[in-house]
Peer 1: 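My questions will all concern the structure given below.
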Amino acid sequence: MWAWVTRDIAPGLLDRGVRVARCHDLDLVGRILVGRGMLAPGDEPEPVTPAHANPAPGGAALFDADEVEHGEADDHDRLVARLDRQLAALDRARDGGALRVLVRAESAGALCAAEMRHAGLPFSVDRHEEVLLDVLGPRGPGGRPVHLEEAGALVRAALGDPRASLDSPRELVRALRRAGLDVETSSKWELWGVDHPVVEPLMRYRHLYRLLTANGWAWRADWVHDGRFRPEYVPGGVVTGRWATSGGGALQLPREIRSAAVADPGWKLVVADAAQLEPRILAAMSGDVGMARAGAERDMYLAFVERGVVPDRDSAKVALLGAMYGSTTGRSATLLPSLERAFPRAMATVAHAARQGERGEQVATWLGRTSPDAAPGVRPRDHGRFTRNFIVQGTAAEWALVWLAGLRFALARLTGAASPAGAPLESTPHLCYFLHDEVVVHTPERLAERVSDTIRQEAERAGRLLFGNTPVSFPVSIAIVDDYGAAKGS
DNA sequence: CATCCAAGCGCG
DNA sequence: AAAGCGCGCTTGGATG
């Protein structure tokens, strides 16, 4: 077990072919403990902005928890003191069991993130080029793709305004209003309600423009090297405990270009998606027996319909999402009373979290990550909606961390290694992409079926580890594919 | 000149 | 159609 700041140390080790089995990430754990008030903010160093954080030179912040191996004495002493404070705080915790699980999972997640960045998502420049040429067309004389220019010309023709500016929302609204459209914004939903020949080409123009600017040639030049897309993941980067990214936009990879993520020859991508994760999490954490029984089913939404709670599957989804997000209007609000009748404890759980937030109190996830205080000026109702969702989104993130952490070990064992430390990252099945409730494993073809089984087993194990004997299951939909775009749902 | 914000849209 | 949660990234335009 290593205690360190993973972001600083792991990349250099991975460059040298070294993986470790486990770690205790001082930054990530420190943040959790400070958030809970178990450590004073002054006990932890000021966080470094991840995007500009540079790896410490020569492993200066590296040491073994039991025995000093490296490191300048000063740094070493400071880090040991930090670790001591964190371990002591964990010892003092009244019910530290869940928190220890969180600490381990959060740290394991940091290792996963470093390894995924190191391995990268296999990415074919040729296939990406095909998509760009197909959708955007070749780049014309001005450097702008011809299909984009064509769509732009159609927009300007429909507006009768050859000089209309299309890339600035404010200018665009003015141009639309000059052309007689009664719109306040240029947003998609408002334009969809307008009957005018400009709408179709404008939608197309914006779609193409988005692809060009967010995932076009410039993006590829910045983020794809040696056949791998290597974004920077930021574990714990979202207040709820979800990961964020810093550069590369890995968590917004559009479906349109996922077909460019192609497995190496003789290898496969195993794409796995936890089905209806957040509703299942709510069912398990609230202890609502009826909802947990529905959560035992493969399709939870359909189970709602079969029990006569809602008329159809789409209503089930809208109602449940509305309940977890704090919707107060529209269809989901109409469906809420019947949800409350059928699943009183589940609904009370989110309602209670909302009230706590409205009163300015912290709420906590299942494993004990706490919500931040409301920023000044935030209305209580808005903060209540945030805390309502926080407990579910944050617990789902914890489930996903446990899933990832278990998977990392199980994949190593598939190759006969005792732990990830004994499995060479890039020549054995490894995680290569993660998206909140979805993972992609890059694996030699002959192991793909066993990888699938392992992913499913680890999902169920994550559920047991968090919730014990709940009836709720955590099914995973899996596709073994040559390219990410061929996975169901893509 | 750098930096910040809003709009819009990609993802869950 | 959004509504109701959490993000990152790009652009243009305003502000320092």
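Because only heavy atoms are used, hydrogens play no part in the values below, and waters and symmetry mates are left out as well, while side chains stay in. Letters A, B, ... mirror the listed sequences (proteins, then strands); counts begin at 1.
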Peer 1: What residues, two or more places apart in sequence or in another chain, satisfy ring pair (Phe, Tyr, Trp, His ring centres under 6.0 Å) together with A:His128?
Peer 2: A:Phe123, A:Trp219

Peer 1: Under 4.0 Å, heavy atom to any atom of DNA chain C: which of residues 325-361 of chain A qualify?
Peer 2: A:Tyr325, A:Gly326, A:Ser327, A:Thr328, A:Thr329, A:Arg331

Peer 1: Can you name the residues that form a side-chain hydrogen bond (donor to acceptor under 3.5 Å, both in side chains) with A:Glu190, not counting sequence neighbours?
Peer 2: A:Thr185

Peer 1: Near DNA chain C, under 4.0 Å by heavy atom, which residues of residues 119-155 of chain A?
Peer 2: none

Peer 1: Output one line per pair: protein atom, nucleotide atom from nucleotides 11-13 of chain C, and distance, for all N/O pairs under 3.5 Å.
Peer 2:
from   : atom 1 : to       : atom 2 : distance (Å)
C:dT11 : O3'    : A:Tyr209 : OH     : 3.3
C:dG12 : O3'    : A:Ser168 : OG     : 3.3
C:dG13 : OP1    : A:Ser168 : OG     : 3.4

Peer 1: Show which side-chain atoms of residues 337-346 of chain A pair as donor or acceptor with protein atoms under 3.5 Å away, not counting sequence neighbours.
Peer 2:
from     : atom 1 : to       : atom 2 : distance (Å)
A:Ser338 : OG     : A:Val309 : O      : 2.8
A:Ser338 : OG     : A:Leu335 : O      : 3.4
A:Arg345 : NH2    : A:Ser286 : O      : 3.4

Peer 1: Quick one: side-chain hydrogen bond (donor to acceptor under 3.5 Å, both in side chains) partners of A:Trp192, sequence neighbours excluded?
Peer 2: none

Peer 1: Check side-chain hydrogen bond (donor to acceptor under 3.5 Å, both in side chains) between A:Glu361 and all other residues, then give those that pass, not counting sequence neighbours.
Peer 2: A:Arg359

Peer 1: Could you tell me which residues satisfy salt bridge (Lys or Arg N to Asp or Glu O under 4.0 Å) with A:Arg280, sequence neighbours excluded, listed by chain and number?
Peer 2: none

Peer 1: Taking five pairs at each end, how big is the angle between the two axes of the helix from B:dC1-C:dG16 to B:dG12-C:dC5, to 10°?
Peer 2: 10°

Peer 1: Could you list the residues that satisfy ring pair (Phe, Tyr, Trp, His ring centres under 6.0 Å) with A:Phe434, not counting sequence neighbours?
Peer 2: A:Trp243

Peer 1: So A:Arg210, base contact, sugar-phosphate only, or nothing? Heavy-atom distance under 4.0 Å.
Peer 2: base

Peer 1: Which listed nucleotide (B:dG12, C:dC9, C:dG6) is nearest to the side chain of A:Thr245?
Peer 2: C:dC9

Peer 1: Among all residues two or more places apart in sequence or in another chain, which pass the side-chain hydrogen bond (donor to acceptor under 3.5 Å, both in side chains) test with A:Thr395?
Peer 2: none

